[in-house]
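In what follows, a single structure is set out as structure tokens and then discussed.
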There are 2 protein chains.
Amino acid sequence: MMAAIDSIVNELARRNITPSHQRVMIMKYLVENQCHPTVDQIFSALRQQIPTLSKATVYNTLNVLAEAQLVRVLSIEDNETRYDITTETHGHFKCSSCGRIYNFAVDVDRFVSGELRDFRITEKNVYFSGICPTCLGKAEKEKRR
Amino acid sequence: MMAAIDSIVNELARRNITPSHQRVMIMKYLVENQCHPTVDQIFSALRQQIPTLSKATVYNTLNVLAEAQLVRVLSIEDNETRYDITTETHGHFKCSSCGRIYNFAVDVDRFVSGELRDFRITEKNVYFSGICPTCLGKAEKEKRR
DNA sequence: TTCTAAGCTTAGAATCATTATAATTTCATT
DNA sequence: AATGAAATTATAATGATTCTAAGCTTAGAA
């Protein structure tokens with residue numbers, strides 16, 4: 001899936017964000033790699049296409065995009081900020097074994113208790129962790145030996 | 001509310017954790033300050049009672065307690081690990097204005113979608129953020145001026 | 001096409017949260 | 001009281017993130 005540069009540029013321009021080459025490439029990366037990458041993953045990957053890319057630029061750009069609500073900042077674990085181009089509320093499951101992050105549908109509003117009635121909620125996150133089916137399957141195979 | 005040192009010592013001993021003075025005081029702090037404190041908050045507060053307390057000890061102790069499931073590690077935002085003595089699943093709401101964290105009841109099990117059927121879930125976290133009623137009230141008062 | 005001012009990027013320093021280390025102290029048992 | 005294991009300590013080290021100042025890029029005006 002190739003992200004249209006044009007639509008990215010338009011999206012940024014609509015929010016008064018200068019669509020510099022670096023910013024466009026960072027967004028393109030997020031669209032094409034919806035695996036909740038870390039700054040380091042984004043930086044390392046794009047370094048090959050933009051050899052002079054600075055890590056500070058990646059941090060700066062992600063902060064700008066987060067402020068514009070174009071990306072969502074995930075704090076599933078400390079010391080590991082991740083980014084998600086899908087901004088609609090959904091759950092994240094992190095496998096403790098392989099580290100992979102899975103999305104899952106979540107109807108958060110259905111179980112919010114009345115306690116938060118008088119709160120203005122601007123962001124909702126649901127994080128689960130445990131073992132994914134792939135790693136569970138591996139464990140089962142290990143057991144049978 | 002004064003936490004019984006005896007029950008803390010017993011709780012640690014039951015899990016084969018040496019109930020050293022520092023560990024007991026850290027747990028006591030968490031029981032008496034259920035405000036999801038950070039390491040720095042715990043360290044600063046206890047420094048007055050244990051002048052030689054080392055920050056590394058606080059980190060070590062919290063990690064040991066987390067592994068023993070006596071405390072829960074919260075990653076509501078990056079660069080801000082917090083700790084909770086209440087280990088049953090409940091939600092956390094962080095006010096973007098005052099920074100306070102509120103607990104709220106959450107029936108997470110009721111809405112886990114079929115997508116996670118084959119996953120082994122070991123931990124569930126629900127984090128919301130926004131503005132709390134106190135800060136909303138202040139904002140309203142500001143508006144009326 | 002050139003100029004301009006504002007904003008962006010860069011490279012590396014700085015900051016900060018957290019972990020590692022080795023020496024010392026404390027703990028629980030004998 | 002002695003002992004060995006574990007914990008604490010003080011500080012260095014690590015790694016994520018932010019800051020900084022200089023230079024570059026951008027978009028639009030001239």
Side-chain angles (χ1 to χ4, degrees), chain A residues 5-6 8-10 12-29 36-68 70-71 73-83 99, chain B residues 5-6 8-10 12-29 36-68 70-71 73-83 99:
Chain A
I5 300 269
D6 282 354
I8 291 174
V9 168
N10 286 342
L12 292 172
R14 280 188 337 109
R15 287 170 165 80
N16 261 330
I17 297 173
T18 303
S20 67
H21 177 65
Q22 290 86 344
R23 286 175 173 175
V24 168
M25 296 305 289
I26 288 168
M27 267 202 84
K28 182 170 184 289
Y29 181 85
H36 321 85
T38 62
V39 165
D40 202 64
Q41 287 171 327
I42 298 167
F43 177 64
S44 298
L46 290 182
R47 226 1 183 12
Q48 299 164 29
Q49 307 171 54
I50 313 175
T52 62
L53 184 66
S54 169
K55 200 166 199 185
T57 299
V58 181
Y59 274 104
N60 283 339
T61 297
L62 290 168
N63 287 337
V64 163
L65 297 179
E67 270 175 43
L70 281 167
V71 306
V73 182
L74 307 183
S75 297
I76 297 170
E77 270 173 28
D78 212 35
N79 286 348
E80 192 185 89
T81 305
R82 290 173 174 271
Y83 297 85
Chain B
I5 300 266
D6 282 353
I8 291 174
V9 169
N10 287 342
L12 292 173
R14 277 183 346 108
R15 286 171 165 79
N16 261 328
I17 297 172
T18 304
S20 67
H21 178 63
Q22 290 86 345
R23 285 176 173 175
V24 168
M25 296 306 288
I26 288 167
M27 267 203 84
K28 185 172 183 286
Y29 181 86
H36 321 85
T38 60
V39 165
D40 202 64
Q41 286 170 328
I42 298 166
F43 176 66
S44 299
L46 291 182
R47 222 13 184 1
Q48 300 165 29
Q49 304 170 56
I50 313 175
T52 62
L53 184 66
S54 172
K55 200 167 200 183
T57 300
V58 180
Y59 274 104
N60 284 337
T61 297
L62 291 167
N63 286 339
V64 163
L65 297 178
E67 269 175 43
L70 282 166
V71 306
V73 182
L74 307 183
S75 296
I76 298 170
E77 269 171 29
D78 213 34
N79 288 346
E80 194 184 270
T81 305
R82 291 172 173 271
Y83 298 85

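The figures that follow rest on heavy atoms only: side chains count, while hydrogens, waters and symmetry mates do not. Throughout, protein chains are lettered first and strands after them, A, B, ... in sequence-line order, and every chain is numbered starting at 1. This structure is a prediction, so every number in the text was calculated from the model and none was measured.
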Between atom CG in Leu62(B) and atom P in dT19(C), what is the gap in whole Å? 10 Å

Length of the CG-P vector between Leu46(A) and dT10(C), whole Å: 11 Å

Going by the rule side-chain contact (heavy atoms from CB on, under 4.5 Å), which residues pair with Val73(A) if we only count those two or more places apart in sequence or in a different chain? Ala66(A), Thr81(A), Tyr83(A)

Scan for side chain to side chain donor-acceptor pair (under 3.5 Å) pairs involving residues 16-27 of chain B, sequence neighbours excluded, and state none if there are none. none

Tell me the partner of dA30(D), counting only Watson-Crick (N1-N3 plus N6-O4 or O6-N4) or G-U wobble (N1-O2 and O6-N3) with both under 3.5 Å; none if nothing fits. dT1(C)

Residues two or more places apart in sequence or in another chain: which of them pass salt bridge (charged side-chain N to carboxylate O under 4.0 Å, His left out) with Glu77(A)? Lys94(A)

Return yes if some donor-acceptor pair links the side-chain N/O of Arg82(B) with the main-chain N/O of His36(B) below 3.5 Å, else return no. yes

For the pair made of CG in Asn16(B) and P in dA7(D), what is the distance, rounded to whole Å? 10 Å

Does Thr18(B) put a side-chain nitrogen or oxygen below 4.0 Å from OP1 or OP2 of dA5(D)? no

Please state how far atom CD1 in Ile17(B) lies from atom C1' in dA28(C), giving the value in whole angstrom units. 16 Å

Contacts under 3.5 Å, N or O only, protein and nucleotides 9-18 of chain D:
residue	atom	partner	partner atom	Å
dT9(D)	OP1	Gln22(B)	NE2	3.3
dT9(D)	OP1	Thr52(B)	O	3.1
dT9(D)	OP1	Thr52(B)	OG1	3.1
dT9(D)	OP2	Ser54(B)	N	3.0
dT9(D)	OP2	Thr57(B)	OG1	2.9
dT9(D)	O5'	Thr52(B)	O	3.1
dA10(D)	OP2	Thr52(B)	O	3.1
dA10(D)	N7	Ser54(B)	OG	3.2
dT17(D)	OP1	Thr81(A)	OG1	2.7
dT17(D)	OP1	Asp78(B)	OD2	2.6
dT17(D)	OP2	Tyr59(A)	OH	2.7
dT17(D)	O5'	Tyr59(A)	OH	3.2

Can you give the donor-acceptor pairs under 3.5 Å from side chains of residues 49-59 of chain A to other protein atoms, not counting sequence neighbours?
residue	atom	partner	partner atom	Å
Ser54(A)	OG	Ala56(A)	N	3.3
Lys55(A)	NZ	Asp40(A)	OD1	2.9

Quick check on dT9(C): is either OP1 or OP2 less than 4.0 Å from any side-chain nitrogen or oxygen of Arg23(A)? yes

Please report, rounded to the nearest Å, how far the C1' atom of dA11(C) is from the CZ atom of Phe43(A). 10 Å

Tell me, please, which residues at least two apart from Arg47(B) pass salt bridge (charged side-chain N to carboxylate O under 4.0 Å, His left out). none

